[in-house]
Each structure stands twice: as structure tokens, then as C-alpha cells.
Peer 1: 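Before I ask anything, here is the structure I am working with.
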Amino acid sequence: MAEQNWIETILRSLNVELPLRENLDEYLDIIIPKVRKWGEDLGETHYYSNPGGKPWLEVRDEENFHNTIVHFFNDNGEYLRSIDGNVIKGRWRLLEGTNKMIIEAGGDKGGTSELFELAYMDAYFFILRKHGTQRGRKKYFAMGYEPFIQYLEWRDYAEALFNTYRSKQRTYQLVAGIILVLVILVILLSFF
């Protein structure tokens, strides 16, 4: 009986669950520190930009948000934002030596210019954090590679991002388990 509890405890510790949160920012506050070490830098533009444009679908947790907003960070600094097929043109650029990006949209008349810092990026997730203190506003600008996340709700998006952490943790646990078994085998074989 004690052996079964020991095994059960080990198996439960291997199953990493994402705690329930109320909004996307709270989820990202938990997940990003866990996955950041496996992310890329903004200088690696091939992850989010390519000659044909890589579609990044915006994810929001607002109840009344039903728009399809797709962002393109094309070569030569061209930025396109498609809101339900209506395109706004702009520019993007990196601040040299940093993981910061300026996104300008809508042109000189009534346009916006915003400074973002990279929170996390890989081939499927692109998450920026608006620079400064965001009191009462969303902290993160969350996007995902459109073919990968197009049917996900915001909670499913958070779960998919957390799966990055789970899969890396399981890989490390598997490697550690194999090493442990090999060490035990070596010790046992040394007695014979």
C-alpha cells in the first residue's frame, strides 16, 4: 500500500497542470516565465516575418470580441493588420540591440505608433508586451500562427502555449529517468 502511494505521488508530480485563471494576461503571467528560455529573439525575424508574409492571428479574452484580426510583419518593415478582411497598412521596426519593436499603423493621419517588448516567440506563438505600465488595459499583445491556432479560444491558446512547457518538462524527466536507470544498472552490475 505504501509503495502504491509513492508511485502515485511520483506520477502526480509528472502531470503538470495549468492553474485556472480569469483572463489571458493572468495565464500569460504564469506561462511566459516557464517557457521564455525556449523562446527566440526578435532579431530572428524568420520566425515572424518572411517574403510572403506569415499570418499571426490575434487572440483576446474579451467576451464581445468576434473579429478576425491577422497581423503580417513582412520583409522591409511592412506591417499589415487585417480586421475581418479590411487592411490597415503600416511599418514595423526593431530597436537595435534590444528585444523591442515599434509598430506604426494607419499612417500619419490618425495612426498609432506603439512600443512593444518581446514576451515570448517561437514558430507558433508571438507574444508582445506593451512597454510601460498598463493600468486597466491589456498587458499582452498575444498572437499565434494562424493555421495552428485559428480554431482555438483564448483559454485553449493558453493551454497550447503551456503544452510547450509540459513537453519540455516531460523530455527532461524522461532523460533524467533514463540516466537514473543507467546509473542503477551500472551500480548493480558492479556488484557482479
Peer 1: If you take all heavy atoms of K54 and A123, which pair is closest and at what distance?
Peer 2: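 Answer, listing the atom of K54 first, then A123: NZ-O, 3.1 Å.
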Peer 1: Report the distance from atom CZ of F116 to atom CG of L42, rounding to the nearest 0.5 Å.
Peer 2: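 Output value for this atom pair is 11.5 Å.
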Peer 1: Compute whether any side-chain donor of one residue and acceptor of the other, for Y165 and N163, lie under 3.5 angstrom apart.
Peer 2: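 The criterion, which ignores hydrogens and geometry beyond distance, is not satisfied for N163 and Y165.
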Peer 1: Is there a side-chain contact (heavy atoms from CB on, under 4.5 Å) between R93 and M101 once you walk through the steps?
Peer 2: CA-CA 6 Å; R93 67 183 171 102; M101 173 188 278; over 6 Å; no
Peer 1: Mind checking whether L115 and Y140 sit in one hydrophobic cluster, side chains of I, L, V, M, F, W, Y counted as touching below 4.5 Å?
Peer 2: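 L115 does not cluster with Y140.
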Peer 1: Mind checking whether W38 and L28 sit in one hydrophobic cluster, side chains of I, L, V, M, F, W, Y counted as touching below 4.5 Å?
Peer 2: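 Yes, same cluster.
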Peer 1: Give a yes or no on whether L118 and I32 share a hydrophobic cluster (residues Ile, Leu, Val, Met, Phe, Trp, Tyr; joining criterion: side-chain heavy atoms under 4.5 Å apart).
Peer 2: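 Yes, it is one cluster - the side chains of L118 and I32 are joined through contacts under 4.5 Å.
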Peer 1: Show the numbers, then the answer: is there a salt bridge (charged side-chain N to carboxylate O under 4.0 Å, His left out) between E104 and R91?
Peer 2: CA-CA 5 Å; E104 300 168 346; R91 309 279 311 148; 6.0 Å; no
Peer 1: Starting from the C-alpha separation in whole Å, work towards a yes-or-no answer on side-chain contact (heavy atoms from CB on, under 4.5 Å) for L24 and R60.
Peer 2: CA-CA 7 Å; L24 186 57; R60 293 188 193 173; over 6 Å; no
Peer 1: Identify the heavy atoms of A119 and R129 that sit nearest to each other, and give their distance.
Peer 2: CB-NH1, 4.2 Å
Peer 1: Verify side-chain contact (heavy atoms from CB on, under 4.5 Å) between T45 and L94, making sure each step is shown before the conclusion.
Peer 2: CA-CA 10 Å; T45 58; L94 302 179; 4.2 Å; yes
Peer 1: May I ask whether I102 and I88 are part of the same hydrophobic cluster, defined by side-chain heavy atoms of I, L, V, M, F, W, Y residues being less than 4.5 angstrom apart, directly or through others?
Peer 2: no
Peer 1: Counting only pairs under 3.5 Å, give me each side-chain donor-acceptor contact of residues 148-157, with atom names and distances, residues two or more places apart or in other chains.
Peer 2:
residue, atom, partner, partner atom, Å
R155, NH1, R21, O, 2.9
Y157, OH, M143, O, 2.8

Peer 1: Name each donor-acceptor pair under 3.5 Å that joins a side chain in residues 71-87 to protein atoms two or more places apart or in another chain, with its distance.
Peer 2:
residue, atom, partner, partner atom, Å
H71, ND1, Y79, OH, 2.6
H71, NE2, E58, OE1, 2.6
N74, ND2, E78, OE1, 2.8
D75, OD1, S49, OG, 3.3
Y79, OH, R81, NE, 3.2
S82, OG, G85, N, 3.3
D84, OD1, T68, N, 2.8

Peer 1: D41: which residues meet the side chain to side chain contact (heavy atoms under 4.5 Å, CB included) condition with it, sequence neighbours left out?
Peer 2: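 Per chain and number, D41 pairs via side chain to side chain contact (heavy atoms under 4.5 Å, CB included) with E44, N99.
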Peer 1: Checking ring-ring contact (aromatic ring centres under 6.0 Å, His included) against Y48, which of W92, Y145, W56 comes through?
Peer 2: W92
